[in-house]
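Let me begin by presenting the structure, written as C-alpha cells, before commenting on it.
Reckoned from all heavy atoms, side chains included, excluding hydrogens, waters and symmetry mates. Just so it is clear, the model here is predicted, and its values are computed rather than measured.
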Amino acid sequence: MTFKLSLLSLLLLSLGTHCSGHDSHEEDQMPMDYVRYPYQAMYPGDNDVTADSIFSGITTFARLPWVQCLTKDKDEAFDIAFLGAPFDTGTSYRPGARFGPAGIRAGSRRLTLYGGYNVPLEVNPFRSGLKVVDCGDIPVTPYDNAFAIKQIEEGHHTLLHRTPFSALPNDSLTGKPLVPLAKDGKHHPRVITLGGDHTIVLPLLRSIHSAYGPISVIHFDSHLDTWKPSVFGGAPSEQAAINHGTYFYWASREGLIANGSSIHGAIRTTLSGPADYANDDESGFQRIEAREIDTIGTDGIIAKIRATVGDGPVYLSIDVRRPASVRACFCPLSACALSLSLTRSSQIDSIDPAFAPATGTPETGGWSTRELRTILRGLDGLHIVSADIVEVAPAYDTNAELTTMAAADVLFEVLSVMAKTPLGKVAQ
C-alpha cells in the first residue's frame, strides 16, 4: 500500500512539473500571426525550372505574395494590387458572385505552370520589375448595400492613393522623364478588382475619379448597364435603384465618365425597346454589337475601341458573363482604367456561356475566350490605370473550372498590358 502511494505521488509530481513547463512554453510562444516560413512565390525566368508544384501553397492570384494591405500591412507599397470585392446583392438573376474572388484565385493557380512569359505581348509581368501583390478582399457586409458600396469605394481609394513601390521611369523612346497622368499630379499604383457583381463598378469609378477625374470607359459586357432605374427593376426604393444594371446610369450623372469617349463591346442583350439605346447614347456610350465580330473581326473591333477612347483616361470593364495592323494606331498618351466583368459571355458574359457558364445573367451568342484575349492584347500601349472583372459566380461553373480559368486568363492579359506601359507621359 505504501509503495502504491509513493508511486502515485511521483506520478502527480511528474504531471505537475510537465504542466508547469507547458505553461512556461505558452508564454514563450510566437505571436499568432507569426509565420516561420512565409510563402513567397518564385517565378521562373527564361530557361529556368517550371511545372514545379504550382498547386501548393495558399491560394492567391497566380501565387502572388499575400499582403494585408487594408490592415496590418497598410503601409506596404506596391505597383499593382489584386483586390477582392465579394459583393453580389445588386444582381437581378443568379446570385453567387460574392464567391467570385475566391474562384478566380483558384482558377489562376496554373497561370505560371510553365512560367509567366506572355508570348504574344513579349513580356513576363511577374518579372517586369514591378511589385505585384494580392491584397486579399475588402470585408464587404452582405446586409446593407449602401454601406457595402461605401466599403468598396473606401477600400479601393485607400490602395489607389498609396505611394507606388516604383518611381516612374524615363520614356523608352526619347529617354525623357515621364510625368504622372493623374489629374491630381501624383503617380498612383494600379488596382485590379475581383468581383463581385457589376454594381461594384460605381464605387470603383468614384475612387478612380478622385485621382483621374472623368474617365472614358471600355466596357465588355453583353448588357448595357446604363438602364434608367425606373426601367431596370422599377426602383422600389432609393437603394434598390443602384444595381448591376444601372450603375453606369448613375456614374454618368455623377460626372464620373468622360461622355462621348466610352464604348461597350460584345453587346447582345434584349431591350425594353429602342428607348434603351437612346438612354445609352445620353449616358455617353458608343456600342459594338457582339455579332460585329463576324464582319469586322477582332482587328476591326480593336480599331473602333481605340478610335473611341482617344487620348483620355479609360476604365475597362469586362463582365464575363497584338496584331500588326493595330500597332500603327496605338495611343501611347491615353490613360485607361480597366474593369473586367465576367458573366457567361465576357462581363464575364462578354464571353459566350459555352466558354464561361458561371455568371449571374448569361447570354448566348458571345465572343470566345480566344477572341476576347486577342482584343485585350490589342489594347497594348494604352495606359490602363485600373481594372476589374465581375459577375463570376463559381457555383454555376463546371467541375473543370472553365469560367474561373477564363477570368484568370483575361486578367493575365490585362496585367501584361499594364506591365508594359507606365502611367506617365513626356512633359510638353
Spell out, as yes or no, whether a donor-acceptor pair under 3.5 Å connects the side chain of [X] to the backbone of [Y].
| X | Y | result |
| --- | --- | --- |
| Asn170 | Leu178 | no |
| His156 | Ser207 | no |
| Thr404 | Ile104 | no |
| Thr174 | Asp171 | no |
| Ser108 | Ala62 | yes |

Worksheet item: What's the shortest heavy-atom distance between Ile257 and Ser252, and which atoms?
Response: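 Minimum heavy-atom separation between Ile257 and Ser252: CD1-N, 4.0 Å.
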Worksheet item: What residue pairs, at least two apart or across chains, pass salt bridge (Lys or Arg N to Asp or Glu O under 4.0 Å) with a residue in residues 79-92?
Response: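 Every pair satisfying salt bridge (Lys or Arg N to Asp or Glu O under 4.0 Å) with a residue in residues 79-92: Asp88-Arg98.
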Worksheet item: What pairs meet the salt bridge (Lys or Arg N to Asp or Glu O under 4.0 Å) rule with one or both residues in residues 399-417, with sequence neighbours excluded?
Response: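 Output for this query lists Arg109-Glu401, Arg110-Asp409, Arg373-Asp409, Arg373-Glu413, Arg377-Glu413.
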Worksheet item: Among pairs that include at least one residue of residues 113-147, which meet disulfide (SG to SG under 2.5 Å), considering only residues two or more places apart or in two chains?
Response: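 For residues 113-147: Cys69-Cys135.
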Fill in: Inter- and intrachain pairs under disulfide (SG to SG under 2.5 Å), touching residues 372-428, at least two apart
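Output for this query is empty, none listed.
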Ignoring hydrogens and geometry beyond distance, is a side-chain donor-acceptor pair present between [X] and [Y] at under 3.5 Å?
| X | Y | result |
| --- | --- | --- |
| Thr226 | Ser283 | no |
| Ser416 | Asn118 | yes |
| Asp225 | His244 | no |

Worksheet entry | Single hit among Asp276, Thr246, Asn243 for side chain to side chain donor-acceptor pair (under 3.5 Å) with Trp227 |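 Testing each of Asp276, Thr246, Asn243 against Trp227, the sole residue satisfying side chain to side chain donor-acceptor pair (under 3.5 Å) is Asp276.
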Item to complete: Just jot down the salt bridge (Lys or Arg N to Asp or Glu O under 4.0 Å) partners of Asp137, sequence neighbours excluded, or say none.
Response: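 With sequence neighbours excluded, Asp137 shows a salt bridge (Lys or Arg N to Asp or Glu O under 4.0 Å) to Arg105, given in chain and number order.
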Worksheet item: Quick one: ring-ring contact (aromatic ring centres under 6.0 Å, His included) pairs with a partner in residues 95-152, sequence neighbours left out?
Response: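 Non-adjacent pairs meeting ring-ring contact (aromatic ring centres under 6.0 Å, His included): Tyr43-Phe126.
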